[in-house]
Amino acid sequence: MALTFKEVRRLFQVPSRGRVRLSDYDPGWAADEEFKELTKDELKAHAAGLLEKNKADLAKAQERLYASDTHSVLIVLQASDAAGKDGTIKHVMSGVNPQGCQIYAFKKPSSEELDHNFLWRYMKALPERGRIGIFNRSYYEDVLVVRVHPELVGRLPGSDRAKDFWQGRYDDINAFEQHLTRSGTLVLKFLLNVSKKVQRQRFLERLERPEKHWKFSISDLEERKYWSDYQKAFEQMLQNTSTDHAPWWVIPADNKWVTRTLVAGIITRSIEGMGLEFPTVSDKDRERLEAARIELSAGK
Ligand code: AMP
Ligand code: MG
C-alpha cells in the first residue's frame, strides 16, 4: 500500500468540522486497483511483507517513547462485533516490547463502576508516561451501546434524562481528551468500519467452525438487529468527537490485512510525529560512565 501519510489522512481521518457521513467511508476499500486483481493468497503474502516492515517501525517508535518517558499514547478501538479488534491488537502489537504496552478490554460496567461518573473506570486505566495503552472498547461505549440501549444509563442525579444528555457526554469526552492531550498523552481513535455483509460472513464462519465457536455469542446476533441504530450512533459520535486534538480515524475493516496495515502505519507515523528524543547524557555523567568502563575493563 504505497500511500503517503497525507493521503491516508485525507482518506481516513475524520475532519473536526463539517457534517460527517459514515457512508463516505467504504468498508471494502482495498488500496489500489492493482490489489483487487490479486488472488487472496497473493494479497496475504503481500500484506505479510508490509506488516513485518510496519512492526519493525512501530517497535522503534515505541522504544523512543519508552526511553523519553515524558509522553504516553492512548489507542482507542471501537467497532461492531467481528470487525477485527482483537486480531488488529494481536498483529499490531506483536512486535513491540510488552513492558511498554498495556491493554484493557472494557465489558459491561460492574455495579461499583455504575456507582461512579461514567469516565471513572477509564481514568484508572490510562497509560503511564512512556507507555502505549490500548482500550479495546472505551468510554465511547457510553455513547454507543448505551445510546442504542438507553436503559443502560446508570442512576442519574435528576429523575429524568436531560434533553441535551448525549451532547453533554460528547462535551465531557472532548474535555477529557483535551485534558489528556495537555498532560502529554497522544490520543489515537480508530473506528473499524465493517460492512453488514462481511459481519454476516464472519459470524457464519464462527458458527461453522467449532474451534471458533467461543468467539460467537448469541447476544452478537441480537445486537446485529440494531445495525442501523449503531450506524447512526457511530455517525453522531464521529461528528461530535472528532477534534483537532483527538481526531477519529475510520478504518476499512472488510479486509483484515488492510485494517492491520493501516492501523499499524498510523500509530507509527503518529508517534514519530511527536518528535521524541532519546534522553541525552550530561558531560558530567558521561565522565562517570567512562570511569566505570575503565574500572570494569581493568577487571576490578
Ligand atoms: P466483548 O468485547 O465482545 O467481550 O463484549 C463486551 C460487551 O460489553 C459488549 O457487548 C459491549 O457492548 C459491552 N460494554 C462495554 N462497555 C459498556 C458500557 N459502558 N456500557 C454497557 N455495555 C458495555
Ligand atoms: Mg463479542
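Each ligand, and each atom within it, is numbered from 1 in the order the structure gives. Along the sequence shown, residues are numbered consecutively beginning with 1.
Contact between Y122 and ligand 1 is present, with at least one heavy atom of the residue lying under 4.0 Å from the ligand. Using a 4.0 Å cutoff on heavy atoms, P109 counts as a contact of ligand 1.
Ligand 1 has a nitrogen or oxygen under 3.5 angstrom from a nitrogen or oxygen of R137.
Close contacts of ligand 1 with D142, meaning ligand atoms under 4.0 Å from a residue heavy atom, involve 19 (N). Residue V146 approaches ligand 1 through these ligand atoms, each under 4.0 Å from one of its heavy atoms: 20 (N). Atoms of ligand 1 lying under 4.0 Å from at least one heavy atom of R121, given by number and element, are 16 (N), 17 (C), 18 (C), 19 (N). Heavy-atom proximity to E141, at under 4.0 Å, picks out these atoms of ligand 1: 12 (O), 15 (C), 16 (N), 17 (C), 18 (C), 19 (N).
Applying ring-ring contact (aromatic ring centres under 6.0 Å, His included) to Y140 and the options F176, F106, Y122, W248 leaves one that passes, W248.
In summary, the side chains of Q199 and R224 do present a donor paired with an acceptor at a separation below 3.5 Å, with no hydrogens or angles considered. Using modelled atom types and a 3.5 Å distance limit, the side chains of E177 and Y139 yield a donor-acceptor pair.
The distance between the ring centers of F203 and F216 falls below 6.0 angstrom.
Of all the heavy atoms of K107, the ones lying under 4.0 Å from any atom of ligand 1 are found in both the backbone and the side chain.
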> Hey, mind stepping through S16 and D244 against side-chain hydrogen bond (donor to acceptor under 3.5 Å, both in side chains) and telling me if it holds?
Replying inline: CA-CA 6 Å; S16 57; D244 292 335; 2.6 Å; yes

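Ring orientation note: the planes of W120 and H116 are close to parallel, at an angle under 30° on the 30°/60° scale.
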